[in-house]
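Working notes, beginning with the structure itself.
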Number of protein chains: 2
Amino acid sequence: MARKSLTKPRKMASQKRSRATVDALVEATARILVKEGFDKASTNRIAEAAGVSVGSLYQYFPTKESLVAAVIERHQQEIMQTVRGELTGILAQPVEQAIRMLVTVAIKAHRVDPKLHRVVAEQIPRVGELEKLATFNRENYTLFMAYLAQHRDELRVEDLELASFVCVTTIEALTHNAVLHHSKMMSDEKMRALVDEASRLIIGYLKG
Amino acid sequence: MARKSLTKPRKMASQKRSRATVDALVEATARILVKEGFDKASTNRIAEAAGVSVGSLYQYFPTKESLVAAVIERHQQEIMQTVRGELTGILAQPVEQAIRMLVTVAIKAHRVDPKLHRVVAEQIPRVGELEKLATFNRENYTLFMAYLAQHRDELRVEDLELASFVCVTTIEALTHNAVLHHSKMMSDEKMRALVDEASRLIIGYLKG
DNA sequence: ATGAAAAGCGAATCATCGCTCATATTCTGT
DNA sequence: ACAGAATATGAGCGATGATTCGCTTTTCAT
């Protein structure tokens, strides 16, 4: 199957060597992004760091943008894996416990490679393909709304959608800022205090 | 005062023609950023849109970065002008009123050129000089903490700094997301509902 | 073992863009 | 009216960096 001018999307890796190459590229991109910053992350430099040639890079990623997108996607997958692992347990909990655990897991999620998270949030311009990347995942939003629906009678909320928006946005912002911009102030005591405060904030809101 | 090889920082504009040029450049940059996006905003294109030559651009802005910084600074000034105007009145209000007015003014602030606000928040990489640009102004944070201190006896907060962090971060995130990502859902009724919810959230938190 | 497909290579191409500089025009004080 | 300072011009330099392509090496199925 010869590919003549397949300029748009490159083909999948099928042999295991090539899968290793793809992994190395994504890994190297993440490393360069963190250590050198977005504007130093040229495709040639990335290929070199990955120990492969630029040509190989373009075998699997049609554009630099798509490579960066792959890094972001992988990072989001890792975060969602962390979250999903705890989520089933959380959803069975009563409101007070659930919210507190949710805040805790949100902090945990932001501590999965926080350096990369910061680069993604602050240095990578959302242009072109990256434009549609949601800052916080829609999945969280939907799941949270489902939980609210289940506990509706215990709660003082009329508009579930609005309440979900408020809660998810708030938890995301608080944990994001705490972990990524105040990590020194937030070592141990303070972080527990933050969990307390954030939980009180949300629970107070939900239970009136 | 001849300038021989003043490569680093360019001189100030003193005559009114040059001040007009500077204004046109900043204005054109903002326009291009909004209409074409960050990656299309080359210095040549900006100069053309401003109706001046690239050379003139570099008379006043040593780097492209500094020009973008000027745009951001101007935008932040405009926002802070809006906020400061209402702020003195707000600080005299009792807590319930004050918070509600604060949320309202935060929305208003985000409605000052929201398109530009979005480009600044999402498309411009915080690299180099732009790195130190705070997402939300430190000024808000300080002022809010002062207000909390004044009303400390009415409130159920021990750590003023933490409480300020929580409130300012939350209000900023809610209004930012509402205005910039849900503007259609947020036309008239919904927006009033959001003010209600956000106010209830914060007031409940502060007053226990 | 062998031929074809898959994977890898990297020098070279090509376009973009930030920025400079030699020159031209306009302003301002006298 | 004139000189010098301030301002404006824009072709082009130089660097960077994304992407390509002709070729080699490795893998796999038979």
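Every value quoted in this text rests on a predicted model; they were computed, and no experiment measured them.
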Sub-3.5 Å pairs of nitrogen or oxygen atoms, protein against nucleotides 9-11 of chain C:
from: C/dC9; atom 1: OP2; to: A/S53; atom 2: N; distance (Å): 2.9
from: C/dC9; atom 1: OP2; to: A/S56; atom 2: OG; distance (Å): 3.4
from: C/dG10; atom 1: N7; to: A/G55; atom 2: N; distance (Å): 3.3

Contact class for A/Y60 (heavy atom, under 4.0 Å): base, sugar-phosphate, or nothing? sugar-phosphate

Can you classify the ring geometry of A/H176 versus A/H181 as parallel (below 30°), tilted (30 to 60°) or perpendicular (above 60°)? tilted

Mind calculating the distance between NZ (A/K64) and P (D/dG17) to the nearest angstrom? 8 Å

Can you tell me if A/R100 uses its side chain to pair, donor with acceptor, with the backbone of A/V195 under 3.5 Å? no

Counting C-beta onward and ignoring hydrogens, is there a side-chain heavy-atom pair between A/R45 and A/E36 closer than 4.5 Å? yes

Which listed nucleotide (D/dT19, C/dA7, D/dT7) is nearest to the side chain of A/S18? C/dA7

For the pair made of CZ in A/F61 and P in C/dG8, what is the distance, rounded to whole Å? 12 Å

Round to a whole Å and report the spacing from CD of A/E48 to P of D/dA18. 13 Å

Would you indicate, yes or no, if D/dG17 has its OP1 or OP2 atom less than 4.0 angstrom from a side-chain nitrogen or oxygen of A/T43? no

Map A/K16 and A/K40 onto DNA chain D by nearest heavy atom, then report which one ends up closer to the 5' terminus. A/K40

When you check the gap from the basic side-chain N to the acidic O, do B/R200 and B/E197 get nearer than 4.0 Å? yes

Pick the nucleotide of DNA chain C nearest each of B/D39 and B/R17; which residue has the one closer to the 5' end? B/D39

Any idea which of D/dT19, C/dC27, C/dC19 is nearest the A/T63 side chain? D/dT19

Do A/M12 and A/V22 touch side chain to side chain, with heavy atoms closer than 4.5 Å? no

Just so I know, are the side chains of A/P125 and B/D39 near enough to count as touching, which here means a heavy-atom distance under 4.5 Å? no

If you compare every side-chain N and O of B/Y58 against the phosphate oxygens of C/dC21 (OP1, OP2), does one of them come in below 4.0 Å? no

